[in-house]
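Since the structure is predicted, the reported quantities are computational estimates derived from the model, not experimental observations. All ligand and atom numbering here is 1-based and tracks the order in the structure.
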Amino acid sequence: MKGLYHWIRFCLQFGYAGFHKTIENACSQRQNKKQKCASVSKGVANVFLVLVFASLAIGVLSGPTYNVTGYGAKGDGRTDDTQAFMAAWNAACTDSKAGTSVLVPAGKTFLLSAVSFKGPCKSSIHVQIDGTILAPNKTWILNKVHWINFMFIKGLTIAGSGVIDGQGAIWWHCIAQKQCATAPMAFNIGNCMHVQLSGLSFKNSPMMHVTVHDTVGANLTKLRISAPADSPNTDGVHIERSQEVQITHSTIGTGDDCISIGSGTYNLNVSWIDCGPGHGISIGSLGRNGSIAQVEQIHVSSCNFYQTTNGARIKTWQGGRGYAKGISFKNLTMFSARRPIIIDQYYCEHRNNCANKTSAVQVSNVQFDGVAGSSADNEAIVLRCSESTACTGITLANVNITSADPARPATAFCLNAHGKTRGTVIPAVPCLDGR
Ligand SMILES: *[C@@H]1O[C@H](CO)[C@@H](O)[C@H](O)[C@H]1NC(C)=O
Ligand SMILES: *[C@@H]1O[C@H](CO)[C@@H](O)[C@H](O)[C@H]1NC(C)=O
Ligand SMILES: *[C@@H]1O[C@H](CO)[C@@H](O)[C@H](O)[C@H]1NC(C)=O
Ligand SMILES: *[C@@H]1O[C@H](CO)[C@@H](O)[C@H](O)[C@H]1NC(C)=O
Ligand SMILES: *[C@@H]1O[C@H](CO)[C@@H](O)[C@H](O)[C@H]1NC(C)=O
Ligand SMILES: *[C@@H]1O[C@H](CO)[C@@H](O)[C@H](O)[C@H]1NC(C)=O
Ligand SMILES: *[C@@H]1O[C@H](CO)[C@@H](O)[C@H](O)[C@H]1NC(C)=O
């Protein structure tokens, strides 16, 4: 791969025409074979052209590259490199050439304070992160809710084998001691269009690890996200007010939801996720504090859940409004998940006895199809819908969940849930009325 990359770069220096000419000149020295040579050179040059387009398409080939070390970043893990990163970003963002990139090189550790990389930029930008980025090992005054923040960028690729280490332990401790009310979220993409985030590892964020909000078109793939099971509110990925998003081929294990999906999210696909430890893949929480939720076309498929507290979950607060509809959970495997399938419309964080209200987010057209494996708790299926606003169009199909404790067989619970079952459904859900 690296060889190919260098070869393409070498070729680019000559340019298509020059490259063509070079081969032809070399050939023409062997007069008698000129004719054949010309066509060979054309063929080689065409292959070259194809390679150039292919590599441009996959973003390997770069235009101008702004290496943060060229702007004074030390990468010694102790010096604050925030200003150098800002300078490299500003240079890249104001460069109008195609294929502009910012490079955070491998083999170094960069200490960054809270920082925003803002557009709009003159062209789309590739941020290659191969080194480690470290948060300060101290708490700070939260005038920004994010540690690393990308905003207002159209065409943003963030890729590499780097590690984003939020050093959250100090914040978790501070929260447990009630000395901090909240903590920063590690890595945010806000108000962007056409975003690709791939390859990176995120660990020990003070709060949520990766957040995407108010963004249209985002592909998140091949991410590894980890934090201890008891770290507070450390969701792996949170999506809010965003459309055309896919999250695939990632491994997420944290102290909260592996993936959580907030209001204003439409057309989101999640697949090939290994989740655990954590609280599962959740739509919500929605409708907090009487707010209006709108969530539609969310498709979760081919995921594994390892010792998670929930598997496929929809959670809404009492008193909310709006809807969550057109949702599917397919081909999920549970390895001792406590509540593999759960709709909970009485969500109440920190168990502070939230009062019941007369309105709720309406949950409809939700399919659970192909859910297998084991449940750590015997109540494997929970459809606890609002008493004021029923859940409708709930389908359970091809479900087979066995209790991890043979003495307590798996059961299902319903409250105001309407819908039907299809195929084999174990445990049986007689409380669904077939409507
Ligand atoms: C971070 O700071 C805490 C408390 O000051 C200390 O216990 C811990 O070892 C530090 N971690 C690192 C990686 O330096
Ligand atoms: C996201 O992936 C889809 C196909 O999987 C592709 O069509 C789309 O262009 C990608 N978007 C970005 C921003 O990379
Ligand atoms: C989600 O998957 C559906 C069905 O496979 C597909 O039609 C749609 O384009 C996908 N959307 C995104 C944003 O990946
Ligand atoms: C809920 O609303 C009340 C009153 O408007 C406000 O004081 C409180 O901060 C809100 N809580 C949350 C979590 O938004
Ligand atoms: C179901 O998901 C598993 C991974 O959990 C995968 O190996 C399998 O191919 C998926 N099946 C289908 C039909 O997508
Ligand atoms: C709210 O209603 C649910 C369902 O009827 C019930 O289980 C719960 O105890 C009620 N909560 C309160 C605080 O009254
Ligand atoms: C359900 O799963 C159990 C354990 O995985 C298996 O033994 C059983 O044959 C399955 N039942 C059906 C109907 O697929």
Decide disulfide bond (SG atoms under 2.5 Å apart) for Cys303 and Cys275; before the verdict, give the C-alpha distance in whole Å, the side-chain angles of both, and the deciding distance to 0.1 Å. CA-CA 7 Å; Cys303 299; Cys275 168; over 6 Å; no
Salt-bridged, Asp257 to Lys315, with N to O below 4.0 Å?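 Yes, Asp257 and Lys315 are salt-bridged.
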Hey, which residues fall under 4.0 Å of ligand 2 on heavy atoms?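 These residues qualify: His194, Val195, Gln196, Asn219, Gln246.
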May I have the step-by-step check of disulfide bond (SG atoms under 2.5 Å apart) for Cys414 and Cys385, ending in yes or no? CA-CA 8 Å; Cys414 304; Cys385 298; over 6 Å; no
Show every donor-acceptor pair shorter than 3.5 Å between a side-chain atom in residues 185-198 and any protein atom, with sequence neighbours excluded, or say none if there are none.
residue, atom, partner, partner atom, Å
Asn188, OD1, Thr211, OG1, 2.7
Asn188, ND2, Asn149, OD1, 2.8
Asn188, ND2, His213, NE2, 3.3

Once you round to the nearest 0.5 Å, how far does CD1 of Ile158 lie from CD1 of Ile148? 9.5 Å
Which atoms of ligand 5 are found less than 4.0 Å from any heavy atom of Asn304? 5 (O)
Has ligand 5 got any nitrogen or oxygen that is less than 3.5 angstrom from a nitrogen or oxygen of Trp272? no
Tyr347: ring-ring contact (aromatic ring centres under 6.0 Å, His included) partners, not counting sequence neighbours: Trp317
Does Arg422 have any salt bridge (Lys or Arg N to Asp or Glu O under 4.0 Å) partners at least two apart in sequence or in another chain, and if so, which?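 So Arg422 forms a salt bridge (Lys or Arg N to Asp or Glu O under 4.0 Å) with Asp369.
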